[in-house]
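Presented below is the structure to which this report refers.
A, B, ... follow the sequence lines: proteins, then strands. Residue 1 opens every chain. We use all heavy atoms of the structure for the numbers below, so side chains are in, but hydrogens, waters and symmetry mates are not.
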2 protein chains.
Amino acid sequence: MSEQGPELEIVHLLRKVTVEFGLRQAEFASLHQMHSTDVRALICLLDAERAGTDATAGWLGAQLGLNSAGTTAVIDRLERLGHLTRTRDPRDRRRVLLAVDERAVELGWAFFGPLIESTVAALRDFDEKETAAVRRFLYAAHEAVTSIP
Amino acid sequence: MSEQGPELEIVHLLRKVTVEFGLRQAEFASLHQMHSTDVRALICLLDAERAGTDATAGWLGAQLGLNSAGTTAVIDRLERLGHLTRTRDPRDRRRVLLAVDERAVELGWAFFGPLIESTVAALRDFDEKETAAVRRFLYAAHEAVTSIP
DNA sequence: CCCATTATCTCGCTGAGCGAGATAATATCC
DNA sequence: GGATATTATCTCGCTCAGCGAGATAATGGG
């Protein structure tokens, strides 16, 4: 159980990155009186915002793999901390729309900014072909990791 | 807050992979009566084994960001499920060495194998320079994500 | 040999997340 | 248009992961 091909080494490297990133998330969470799940929730909500999708409570729960009770709890916590606003959807008043507060975004950037900057900086040394390769790889990894029916 | 450079897109892609991977881990966990932390623990232990490092209870706790009580609990759970063996270190009998059971490895491979295979397969289309680029990027990302003193 | 240090475990507690079911808004059918 | 089914969210009570504090046991230095 060691020294397999260079491809496997890359997969291990990718996994290590995901593990470490999880730990940084946890640090950020406890630094701001939150839990990992709350941070993951904020990330999902920002992704939705960036994609222009409506983020409802149910949608968030699905993203996080929580049931409705747990989802309500997450939203309650984030709302209590002022990181989030609940709004009843005027078009379908059963739904609750979620909006991330600007300040929460700033806190996130303050913590993860340097990390992101540093990664982006590394990419600046890459030429066109190399950048494309990285994107292609990550895209393939994303496919592999999402499509487990 | 949208459409920044292609570098940032890559970082977002990487983050998405980590998020999805976390969800797969959670699926694997509940599939085998475990929790995410237990799975992460097994991963850490296998990494240690591969690296030839002694995996002690304290070391594991540090990797997972748990305190000693929580660490004992994780180990208890994994031992109860038969995925793990505790052995007192004969050289320093305060320490407890942890060894992952072969069957746990098989379960992991059955679940994550296809996912890994598929990612590795994608790399087969890459030439030398492209593979190197991916490795270099992941290495940089790993550096960025580990070195937040 | 005593004491400080290190590694792990035990106990009691807080709170994240679950199942079950309540509530309220919307969609469907006659 | 009202009865009914469906959908979205929330409430309640419970279990158990992980924490803080402190116990226990092994090691190492003076």
Rounded to whole Å, the CG-P distance (A/L23 to D/dG18) equals 13 Å
By side chain to side chain contact (heavy atoms under 4.5 Å, CB included), A/S36 pairs with (sequence neighbours left out) A/A26
Of A/T37 and B/L97, the one whose nearest nucleotide on DNA chain C sits closer to the 5' end is B/L97
Those residues at least two apart in sequence (or on a different chain) that pass side chain to side chain contact (heavy atoms under 4.5 Å, CB included) with A/V11 are A/L8, B/I116, B/T119, B/V120
Sequence neighbours excluded, the answer for salt bridge (charged side-chain N to carboxylate O under 4.0 Å, His left out) partners of A/R94 is A/D92
Margin query: Please classify the nucleic acid contact of B/G61 as base, sugar-phosphate, or nothing, using heavy-atom distances under 4.0 Å.
Written below: nothing
Of the listed C/dC9, D/dC19, D/dC10, the closest approach to the B/T72 side chain comes from C/dC9
Whole-Å distance, B/R95 CZ to D/dG28 C1', equals 15 Å
Protein-nucleic acid N or O pairs under 3.5 Å, nucleotides 20-28 of chain C:
from: C/dT26; atom 1: OP1; to: A/R93; atom 2: N; distance (Å): 3.1

The side chain to side chain contact (heavy atoms under 4.5 Å, CB included) partners of A/L23 (sequence neighbours excluded) come to A/E20, B/R40
Between A/R77 and C/dA16, is there a contact of a side-chain N or O with OP1 or OP2 at under 4.0 Å? yes
Practice prompt. Under 4.0 Å between any heavy atoms, over every strand shown, what does A/T71 touch: base, sugar-phosphate, or nothing? Just pick one.
Written response: nothing
In whole angstroms, the gap separating P of C/dG17 from CG of A/L60 amounts to 11 Å
In whole angstroms, the gap separating P of C/dA16 from CD1 of A/I75 amounts to 14 Å
Taken to the nearest whole Å, CG/B/L64 to C1'/D/dG18 is 12 Å
Would you say B/H35 and B/R77 are linked by a side-chain donor-acceptor pair, where the criterion is simply a distance under 3.5 Å? no
| request: May I ask you to decide if the ring planes of B/F21 and B/F112 are parallel, tilted or perpendicular, using 30° and 60° as cut-offs? | output: tilted
Separation of C/dC9 atom P from B/L78 atom CG, nearest Å, is 13 Å
note: A/Q33, atom CD; C/dA16, atom P; distance rounded to Å ~ 12 Å
Those residues at least two apart in sequence (or on a different chain) that pass side chain to side chain contact (heavy atoms under 4.5 Å, CB included) with A/A140 are B/A122
Whole-Å distance, B/L81 CG to D/dC16 P, equals 13 Å
